[in-house]
Visitor: 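The structure's right below; bear with me while I get my questions together.
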Amino acid sequence: MIRFDRPVQMLAVGTAMLAGFVDAIGFIESGGFFVSFMTGNSTRLAVGAAEWQKAAMVAGAIIAIFVAGIVGGSLVAAKFRRMRTVAVMACVTLLLGVAMALRFFDAGWPSIACLAFAMGVANASFEGRDGTVVGVTYMTGTLVHMGHKIANALRREGDGRWWPHFWLWAGLVGGAIIGAAVVLWSPLAGYALAMLLSAALMLRAWAIPGSPTDRLAFWPIAPHKRQKMGNPK
């Protein structure tokens, strides 16, 4: 996260907020399954298998769909390398629109599957020149990084910039709170707002200043700039 400049960090936080928003919709609509948090679904698969419950098959199916979404998103990102994030977020927006249409016709599980596929695609949004990927739909690694950075700050050694990781986590939690509130009020409004938020993120990606490659592929900050940021005068 800290490898990226400030505008891209903010875009990543917005994408994490979208992931939390959509995950809350999926959790409520499916009765306790996740569409972006596959660790939770893996545990549900394991417990369901141990208890011989059909929940294991449901969790396994969602995991498979999510992985398929990552594959699809990665292929789109490779195809549109100079417009990586815009292209990926355009696909996410389209998929969320399809999910909304399916929900409108009361196709519950197909809409959940579409949400899971969209969240898999979203994980292909950010990648740096060195292959660094920012996971925007899962936060365990983010919290681990944050904990290590807090320890560094307390010891006054190494990189102590923990707050970008905190904001990424806070974005997902905030999005989940809003998503849950909206979908409990009106499921279709939740789906529609998720699609609009994704479209806004796509437009924001396009508007980030810089050269076409810098703006749309999101290369990390140059090493000399990272050093300057980490050692303010």
Side-chain angles (χ1 to χ4, degrees), residues 1 12 15-75 77 88 91-92 95-96 98-99 102-103 106-127 131-151 165-166 168-184 187 190-191 194 198:
M1 183 66 171
T15 308
M17 182 177 291
L18 172 66
F21 191 104
V22 173
D23 207 26
I25 293 175
F27 185 84
I28 292 171
E29 290 274 276
S30 67
F33 293 93
F34 303 93
V35 295
S36 72
F37 177 57
M38 294 303 116
T39 302
N41 282 339
S42 297
T43 301
R44 292 219 60 179
L45 186 155
V47 173
E51 297 179 346
W52 292 91
Q53 294 180 353
K54 67 176 182 179
M57 292 187 293
V58 174
I62 294 175
I63 292 169
I65 292 169
F66 181 83
V67 173
I70 296 174
V71 173
S74 298
L75 292 174
V88 169
C91 291
V92 172
L95 287 164
L96 292 176
V98 172
L102 290 169
R103 183 62 178 81
D106 291 324
W109 283 109
S111 66
I112 297 299
C114 201
L115 292 179
F117 192 86
M119 290 300 94
V121 171
N123 277 285
S125 298
F126 302 95
E127 183 180 54
T132 303
V133 176
V134 176
V136 293
T137 72
Y138 50 92
M139 289 296 125
T140 302
T142 297
L143 293 174
V144 169
H145 285 302
M146 185 176 75
H148 283 305
K149 299 299 174 59
I150 291 174
H165 303 291
F166 169 80
L168 195 65
W169 171 81
L172 185 138
V173 173
I177 292 172
I178 298 170
V182 174
V183 78
L184 288 171
Y191 281 82
S198 180

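The structure displayed is predicted, hence computed values, not measured ones. Side chains are part of it too, since the values below use all heavy atoms of this structure and drop only hydrogens, waters and symmetry mates. Sequence positions, counted from 1, serve as the residue numbers for this chain.
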Visitor: Please find the pair of heavy atoms, one from Val121 and one from Leu95, that lie closest to each other, and give the distance.
Guide: CG2-CD1, 3.9 Å
Visitor: Should Trp169 and Met146 count as side-chain neighbours, where that means a heavy-atom distance under 4.5 Å?
Guide: no
Visitor: To the nearest 0.5 Å, what is the distance between CZ (Phe66) and CZ (Phe117)?
Guide: 11.0 Å
Visitor: Is Tyr191 close to Val22 at the side-chain level, that is, under 4.5 Å between some pair of heavy atoms?
Guide: no
Visitor: Taking all non-hydrogen atoms of both residues, which atom of Ile25 and which atom of Gly179 are closest, and how far apart?
Guide: CG1-O, 4.4 Å
Visitor: Check whether any side-chain heavy atom of Phe21 sits under 4.5 Å from a side-chain heavy atom of Ile178, and report yes or no.
Guide: yes
Visitor: Side chains of Asn41 and Leu45: does their closest heavy-atom pair fall under 4.5 Å?
Guide: no
Visitor: List the steps and the verdict of side chain to side chain contact (heavy atoms under 4.5 Å, CB included) for Met17 and Leu172.
Guide: CA-CA 4 Å; Met17 182 177 291; Leu172 185 138; over 6 Å; no
Visitor: Under 3.5 Å, side chain of Ser198 to main-chain N/O of Ala194, donor-acceptor pair present?
Guide: no
Visitor: State, with a plain yes or no, whether a side-chain heavy atom of Leu96 is found less than 4.5 Å away from one of Leu18.
Guide: yes
Visitor: Looking only at heavy atoms, which two atoms of Ser111 and Ala99 are closest? And how far apart?
Guide: CB-O, 3.5 Å
Visitor: Within the 4.5 Å heavy-atom criterion, are Phe166 and Lys149 side-chain neighbours or not?
Guide: no
Visitor: If I compare all heavy atoms of Ala56 with all of Ala49, which pair ends up nearest, and what's the gap?
Guide: CB-N, 3.4 Å
Visitor: Looking only at heavy atoms, what is the nearest atom pair of Ala118 and Val92, with distance?
Guide: O-CG2, 3.7 Å
Visitor: So which atom in Met119 and which in Ala19 form the shortest heavy-atom distance, rounded to 0.1 Å?
Guide: SD-CA, 3.7 Å
Visitor: Atom SG of Cys91 and atom CG of Leu75: how far apart are they, to the nearest 0.5 Å?
Guide: 10.5 Å
Visitor: To the nearest 0.5 Å, how far apart are CD1 in Ile70 and CD1 in Ile65?
Guide: 12.5 Å
Visitor: Please verify the inter-ring angle class for Phe34 with Phe37; under 30° counts as parallel, over 60° as perpendicular, anything in between as tilted.
Guide: perpendicular
Visitor: Taking atom CG of Leu115 and atom OG of Ser36, what is their separation to the nearest 0.5 Å?
Guide: 10.0 Å
Visitor: Atom OG1 of Thr39 and atom CZ of Arg44: how far apart are they, to the nearest 0.5 Å?
Guide: 14.5 Å
Visitor: Kindly compute the distance separating CE (Met57) from CD1 (Ile62), expressed to the nearest 0.5 Å.
Guide: 12.5 Å
